[in-house]
There are 2 protein chains.
Amino acid sequence: MIELKQLRYLLAAADAGSFSRAARLLNIKQATLSRQIGHIEKRLGMPLFDRSLRGAKLTKNGEFYIRSVERLVTEFDELNSWVRATCCGMTGHLTVGFHTSFSAGNLRATVTEFGDKHPDVKMRGVERERKRLLGGLENRTLDLAVMAGEIFYAGLRARPFWSERILVALPEQHDLAERERITWPDLAGEHFLLGGVDKLVTVGFRACSLAS
Amino acid sequence: MIELKQLRYLLAAADAGSFSRAARLLNIKQATLSRQIGHIEKRLGMPLFDRSLRGAKLTKNGEFYIRSVERLVTEFDELNSWVRATCCGMTGHLTVGFHTSFSAGNLRATVTEFGDKHPDVKMRGVERERKRLLGGLENRTLDLAVMAGEIFYAGLRARPFWSERILVALPEQHDLAERERITWPDLAGEHFLLGGVDKLVTVGFRACSLAS
DNA sequence: TGCTGTTACGATTAGCGTAAGAATG
DNA sequence: CATTCTTACGCTAATCGTAACAGCA
């Protein structure tokens, strides 16, 4: 049977792009990692890595497999830490998920104000990607999620909370640099740098409702 | 660290409502199961079961924990069997999720017809609950999902496929037994027996669009 | 030679079953 | 006293690390 430990080895190896590097990070011997990954591959009946001199890269199948595995493992870890944190007594707690950065002014103010008003309610904030937030609400890991944009999701209700001005940083030579106001459609096709929670994205499908 | 094997023990115990019964079903000794569950509880820092003379019942925390664990474990098992089944070559495959029973006339006919027309495309059908289907589409485990009702879900598009008459079985004395046609709102508050995929539900929130 | 990953061998560890113990109706 | 779960004790089996091996800059 495949065990969680092995899956963690797998993830580390995929992440590091090399068995030896991953083993160093995990503080285990490289041989151990190689063997365990071999076990998984034997069990699945297919190779997950292309071994080479400069490390090991995921095969097509490996990429597919690991995508789901990563999600499952992180969800499990999150579950454990959350259960451990809330310990005895699941009531009186509010788990709130954020998409925008928690430290962003307006949000932080609102939340701390609520905390001051209701000291008996223990709040826990988590930052996740948009779709993880929706999933979290679905399976009751989250009580509440704050995110930008419109939401159409069966069984959920959304309320506009506040609207916010967004600033765009541009190179001086950029076509849009002279403009006083920029709308979302103007940015279609541009690349953005975001925080670690989300990846580099290309906007271009739908205007977001909170542009002021 | 908590391992998958232990989680399976946990699920079996919760399901059986007794450590000894679960151990019998798993073909292991009861002491083994008790010990492993003890490990989990120690690791989480809280009891998951109320032990008694007539078995072990989940605590409040236990119920919460196990709900997520069950989902994660089944998803992992499904992932493995699916990966093993499709083996070498992830292309040329179509994974279709169904909410309604797969064997139901119209659907089965359509699918087999498609299969005959395109023998080069290997199809795999899975039955899941509604929200699992949506999740499956989200994380790319499914290529396509067939379900009843309306869908509002960010990033997905739905097309009506066919509409179908639904028959209601009633006791002879029932108020609605004389009616020629029954609409969904009429059934608000009634209880239904459904297949294993879904639980006993009470309809009462939204009219479904496929009542003919 | 320095880096990759693999394989063989002995030691360690962790899980297993057996068996005994404690508690309850 | 039968049934429940827990705990202690050896044993077995799986994993680990060491070390030797193969291939390529």
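Convention: sequence-line order gives letters A, B, ...; per-chain numbering from 1. Just so it is clear, the model here is predicted, and its values are computed rather than measured.
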- Applying side chain to side chain donor-acceptor pair (under 3.5 Å), which residue pairs with at least one partner in residues 19-28 of chain A are found, sequence neighbours left out? A/Ser18-A/Ser20
- Residue set satisfying side chain to side chain contact (heavy atoms under 4.5 Å, CB included) with A/Ala22, at least two apart, ordered chain then number -> A/Ala12, A/Ala13, A/Ala16, A/Leu33
- Could you check how far CG of A/Leu33 sits from P of C/dT6, rounded to whole Å? 10 Å
- Task: List for me each residue that meets salt bridge (charged side-chain N to carboxylate O under 4.0 Å, His left out) alongside A/Asp77, sequence neighbours excluded, and say none if there are none.
- Result: A/Arg8
- Message: Regarding B/Gly55, tell me which of base, sugar-phosphate or nothing describes its non-hydrogen contacts under 4.0 Å with the strands shown.
- Response: sugar-phosphate
- From CZ (B/Phe49) to CD1 (B/Ile40), nearest 0.5 Å: 8.5 Å
- In terms of the angle between their ring planes, are B/Tyr65 and A/Phe76 parallel, tilted or perpendicular, with boundaries placed at 30° and 60°? tilted
- Task: Walking along DNA chain D from 5' to 3', note the first and the last nucleotide with an atom under 4.0 Å from a heavy atom of chain A, and give both.
- Result: D/dT15 to D/dC24
- Within the structure shown, what part of the strands sits under 4.0 Å from A/Ser20 by heavy-atom distance: base, sugar-phosphate, or nothing? sugar-phosphate
- Query: Rounded to the nearest Å, what distance is computed from the CD atom of residue B/Gln6 to the P atom of nucleotide C/dA14?
  - Reply: 12 Å
- Message: Suppose the criterion is side chain to side chain donor-acceptor pair (under 3.5 Å): which pairs have a residue in residues 36-49 of chain A, not counting sequence neighbours?
- Response: A/Gln6-A/Gln36, A/Gln36-A/His39, A/Glu41-A/Arg51
- Using a 4.0 Å heavy-atom cut-off, write out nucleotides 18-25 of chain C from 5' to 3' as B (base contacted by protein), S (sugar-phosphate only) or - (no contact). BB---BB-
- The answer to which of A/Arg24 and B/Gln36 contacts DNA chain C further toward the 5' end, by nearest nucleotide, is A/Arg24
- Query: Picking from B/Leu10, B/Leu7, B/Val73, what satisfies side-chain contact (heavy atoms from CB on, under 4.5 Å) with B/Ile66?
  - Reply: B/Leu10
- Nearest whole angstrom, please: distance from the P of C/dT13 to the NZ of A/Lys5. 13 Å
- Query: So, does A/Glu3 use its side chain to make a donor-acceptor pair with the main chain of B/Lys5 at under 3.5 Å?
  - Reply: yes
- Task: Give one of base, sugar-phosphate or nothing for B/Phe49, where a contact means two heavy atoms less than 4.0 Å apart.
- Result: nothing
